[in-house]
Each structure stands twice: as C-alpha cells, then as structure tokens.
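Data first, discussion second: the structure below is written as structure tokens.
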Amino acid sequence: MSDDDETFEAGGYTLHRRREFVWELPKQGDMRVPARVLASRDLLEAISDDRTIEQLRNTTHLPGVTDYAICMPDGHQGYGFPVGGVAAIDAESGCISPGAVGYDVNCGVRMLTTNLTYDDIEGREEELTNALFDAVPTGLGGGGVINGSRESIDAALEYGVEWALEEGWAVESDLTHCEDGGRRLDADPSAVSKRAKDRAMNQMGSLGSGNHFLEVQRVTDIFDADTAAAYGLSEEQVVVLIHCGSRGLGHQTCNDYLRRIEEEHDDLLAQLPDRELAAAPAGSDLAAEYYGAMCACINFAWVNRQLIMHRTREVFADVFDRSWREMEMELLYDVAHNIAKREVHETSAGETELFVHRKGATRAFPAGHPEVPAAYRDTGQPVIIPGSMGAGSYVLSGGEQSLSETFGSTAHGAGRLMSRTQAKDEFWGGDVQDDLRDQQKVYVKASSGATIAEEAPGVYKDIDEVVRISDALGIGDKVARTFPVCNIKG
DNA sequence: ATGTCC
C-alpha cells in the first residue's frame with residue numbers, strides 16, 4: 001500500500017483513511033471533535049469539489065457535539081450543514097440547530113406493500129400513472145387531499161397519525177408501522193407560527209416539488225430472504241414509495257426559528273464559523289420552543305404522507321376494482337430523513353442524552369432496540385433508501401454496527417451529483433421522460449417538465465455504491481431492491 | 001426543500 005492509499009484530498013482538506021470506507025478529518029484548530037466521512041474513493045471524488053467537507057468540519061464547532069460528526073456516503077452540501085450529515089449533540093450542555101435538521105422538517109419516505117405482482121400492472125402503467133397524478137396533488141403551492149382548517153391543522157400538529165386514524169384516513173397498523181407510532185409526543189403546536197399554519201391550510205396531503213415523488217415499483221431483488229419475508233417483500237411484488245415532507249409549514253418554521261435564534265443567541269452564533277449553523281443553547285427557552293415546533297412539523301409530515309397513502313389506496317381500489325384490503329396494501333414503514341431527536345446513546349463519555357441531528361440521514365436501529373416497533377423488533381428497523389427514477393431504490397434493515405458507529409443512522413438516498421440549474425442545462429424533461437418509458441418501461445408524469453430534468457437519473461450518484469458502503473459497514477444491511485414502474489412528481 | 005425574497 002502506498003502513501004497515496006492513506007489520505008484523500010477533498011475540498012481543500014486532507015482526510016485520513018481509518019479503515020475501509022471510514023475517512024477522518026482529525027480534530028484541529030477550533031474543532032471540538034474529529035469528523036468522519038463514510039465513503040468509497042469514488043464517492044469522495046463526488047464531494048471533493050463542493051463545500052461538503054468544509055460544512056462537515058464546521059459542524060464540529062457546535063457546542064456539545066459528541067465523539068465525531070459524520071457524513072454519510074450520499075452526502076453533499078446543504079444549508080450550513082451537509083445533507084447526509086449526522087451530529088449527536090449533548091441535550092443538556094450542547095445546542096440544537098435548525099440548519100442541522102433541514103428546511104424540510106421530516107422529509108421522509110414510506111413504503112406501501114401490496115399483493116399485486118408486476119404482471120398485474122404491466123400494460124396498464126399509463127392508466128395507473130394518470131389516475132395517481134389526478135388524485136394526488138403535486139407541485140409548488142396549494143391543493144391538498146383534504147381541506148385544512150385551523151382546528152385540523154392544530155390536531156395534526158399535536159396528534160400526528162393518531163388524528164388521521166380518528167378522522168378515518170388511517171388504520172391502526174399504519175400507526176404501529178411508523179416511527180413513534182406516527183406521533184411525536186414532544187410536539188408543541190403553540191410554538192408554530194400562525195404564518196406557518198396558514199401555509200399548511202391548503203397543503204394537507206400534497207407531494208410538493210423538487211425530489212419528492214410517488215412511485216409504483218416492483219421488487220427486483222431479494223438479498224436477505226428471512227428479513228424480506230418479515231417485511232412482507234417478495235420478488236416481482238408491486239410496492240409504492242411516497243417521498244415528501246412538511247411542505248410550506250416546515251419551511252416556514254425553520255425560517256422563523258433561524259431568524260429568532262440569530263437574534264436571541266448572537267453570542268453563540270459569534271463562536272460558529274457559519275451563520276447558517278445558528279443554534280439555540282440546550283436548556284434555553286428557544287431551544288425548547290424550536291424542539292416543540294420541529295416535533296409538531298414532524299407530526300404534520302407524517303399526516304401528509306398518511307393522507308397521500310390513503311388516497312393511493314383509493315386510486316388502486318378504483319383502477320383494479322378491488323378493495324385495498326383485498327390487495328393487502330399495508331404500510332411497511334415510514335422513515336424520517338430530516339429530524340433531530342432526543343435519544344440516549346453510549347458515547348465516549350458514557351450513556352448520554354443527545355439531540356441526534358439527522359439531516360438527509362435515516363435512523364437505522366438494529367434488532368432488539370426497544371424503540372424499534374414490535375413488528376420489526378427481531379429483524380431491525382426497515383430503512384428505505386430511494387434512488388433515482390432510472391435506478392430504483394433499496395430496503396435495508398438497521399445494522400448491528402449502527403449504534404456504535406453512527407448513533408444509529410445510515411444514508412438516505414443517492415445524493416445529487418449536480419445542482420438543479422446544471423441539471424436543466426444538461427437535460428430536457430421531455431427527453432428524459434421519453435427515454436425512461438422507451439428504454440426502461442418507467443412511466444413518469446410531472447406538473448413541470450423542468451422538475452423531470454432536475455430529477456433526471458443522471459443527476460444522481462450511484463445508489464448501488466451508497467448502499468454497498470452502508471452494508472459493508474454494518475450500519476444498514478441490504479434486504480431488497482426495487483425498480484420504478486410509474487412515477488408522479490411536482 | 002420552498003407562495004425559489006417580506
């Protein structure tokens with residue numbers, strides 16, 4: 001092995017290879033802890049020319065950051081804190097940072113299984129795509145599956161999917177197959193501004209734009225037969241993947257608190273290398289308010305995905321002329337990609353209560369963890385990692401090493417290779433749509449052609465490579481792979 | 001991500 005094998009120059013920083021797929025930026029200067037990038041050399045190349053490493057380094061300045069900051073294999077630069085970043089911050093002596101959660105609070109994915117197989121939908125893709133597109137609101141701005149009211153929004157913010165169950169938009173098993181039972185108990189709707197709630201009014205049950213989508217998929221590969229069986233997955237099965245977040249409500253809430261934190265905690269801000277990392281000190285009123293507001297946004301995003309899933313069941317019932325129960329359209333699991341959560345972890349300082357910030361990262365608790373829903377306690381938490389429209393997605397299970405390596409986390413997607421602007425220069429939506437249909441039998445329909453260009457398969461990193469790293473490190477283990485059939489988006 | 005700046 002040459003010296004060249006031991007370090008990697010990325011974004012002006014020197015990373016040191018600790019072991020396979022683990023690269024470390026040693027603690028230096030004002031860094032409180034080292035930073036780690038979990039990646040292959042190919043994936044490191046992809047982040048070498050943007051601000052990912054610099055932003056990761058900046059996160060190690062946050063008070064209370066514990067052991068090391070982490071960048072997942074799909075990481076790329078984001079607002080202040082990398083997308084694909086994980087920072088575990090002491091919940092007593094540290095801080096909480098909206099930029100380390102993300103603008104789209106509880107952006108995430110849920111997978112719905114069915115007892116249909118690819119044969120059942122082959123030849124009917126356009127019909128199904130159109131029916132879904134007509135039924136599920138997409139794109140920027142207004143229109144939801146249901147009309148919101150002040151009362152319903154407050155109830156959704158406080159009770160999450162429990163509220164949806166009472167209203168008839170959910171069944172009991174939808175709650176037991178969701179993190180926190182679909183309700184984050186720490187939610188404080190009174191900490192969410194009127195303005196944020198107003199934006200939610202006509203967005204209850206809407207996909208939004210950007211990388212959000214609803215995709216009908218078929219299972220193409222099973223890697224772990226026992227776990228796949230426990231998850232109810234089999235080859236050629238049809239499943240549905242829903243990817244969206246908290247829409248304008250989460251965005252407004254993030255903005256509201258960033259501004260307030262900048263104003264009220266400028267002393268802490270002055271210690272940080274980037275304004276975008278603005279954080280409220282643990283124990284402050286504002287930290288408690290932000291946490292309560294963020295948890296309310298988490299509940300809203302779960303309700304959003306629930307309403308879309310409910311509508312999807314209705315569309316399938318209509319198109320296939322069978323009840324959704326006959327088609328066994330069960331929620332496999334719902335995973336959050338953008339959240340902070342109070343969790344207790346074993347750290348170098350012993351058992352510690354932390355705000356685990358996962359931004360573009362997925363919780364990946366292993367078998368036996370008490371916070372994994374009973375249905376999956378013996379197999380580990382399902383982890384759903386969407387890829388691109390041309391590459392498909394993965395289902396993993398939380399890995400044995402996740403608690404010791406990544407505060408119980410793994411990657412969340414393929415990760416962008418280029419900006420949206422660059423994507424629109426490289427691709428034209430109509431061509432992407434035609435190629436996907438003609439070459440891969442993938443049917444795409446979107447409110448905007450520009451969105452298809454921005455989300456072209458070529459703008460994403462290799463999802464296989466991202467998942468390979470997760471599996472090799474034992475933080476999230478491969479269970480199954482899916483491939484798109486129908487995709488609707490903003 | 002986002003009524004792509006209140």
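Numbered from 1 within each chain, the chains take letters A, B, ... in sequence-line order.
- From Lys445(A), atom NZ reaches atom CD of Glu126(A) across 9.0 Å, with rounding to the nearest 0.5 Å.
- Looking at which nucleotide of DNA chain B each of Asn255(A) and Tyr103(A) is closest to, the 5′-most match is held by Tyr103(A).
- Looking at residues two or more places apart in sequence or on another chain, you find a ring-ring contact (aromatic ring centres under 6.0 Å, His included) between Tyr231(A) and Tyr376(A).
- In this structure, CG of Asp256(A) is placed 15 Å from C1' of dC5(B), rounded to the nearest angstrom.
- With sequence neighbours left out, the ring-ring contact (aromatic ring centres under 6.0 Å, His included) criterion links Tyr68(A) to no other residue.
- Residue-level contact check: Ser246(A) touches neither bases nor backbone, having no heavy atom under 4.0 Å from any strand.
- Pairs engaging residues 98-112 of chain A under the salt bridge (Lys or Arg N to Asp or Glu O under 4.0 Å) rule: Arg110(A)-Asp334(A) [sequence neighbours left out].
- Rounded to an integer number of Å, the gap from Tyr257(A) OH to dT2(B) C1' is 19 Å.
- When all heavy atoms of Asn304(A) and Arg247(A) are compared, the pair lying nearest together is ND2-CG, 3.9 Å.
- Among the atoms of the strands shown, none is found under 4.0 Å from any heavy atom of Glu454(A).
- For DNA chain B, none of the residues of residues 142-156 of chain A falls under the heavy-atom distance limit of 4.0 Å.
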Taking only distance into account, with no hydrogens and no angle test, what donor-acceptor pairs under 3.5 Å do side-chain atoms of residues 267-275 of chain A form with protein atoms, sequence neighbours excluded?
from: Asp274(A); atom 1: OD1; to: Glu276(A); atom 2: N; distance (Å): 2.9

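- Between the CG atom of Asp198(A) and the C1' atom of dT2(B) there is a distance of 16 Å, rounded to whole Å.
- Here Gly248(A) lies in heavy-atom contact (under 4.0 Å) with sugar-phosphate atoms only.
- One atom, CG of Leu258(A), and another, C1' of dC6(B), lie 16 Å apart when rounded to the nearest Å.
- One can place NZ of Lys194(A) at 16 Å from P of dC6(B), the figure rounded to the nearest angstrom.
- Residue Asp104(A) contributes atom CG, which lies 6 Å from atom P of dT2(B) at whole-angstrom precision.
- Among the protein residues, Arg416(A) comes within range of no part of the nucleic acid, since none of its heavy atoms lies under 4.0 Å from any strand.
- One can place CG of Leu207(A) at 15 Å from C1' of dT2(B), the figure rounded to the nearest angstrom.
- For Tyr79(A), the ring-ring contact (aromatic ring centres under 6.0 Å, His included) partners at least two apart in sequence or on another chain are Tyr103(A).
- Distance OH (Tyr79(A)) to P (dC5(B)): 13 Å, rounded to an integer number of Å.
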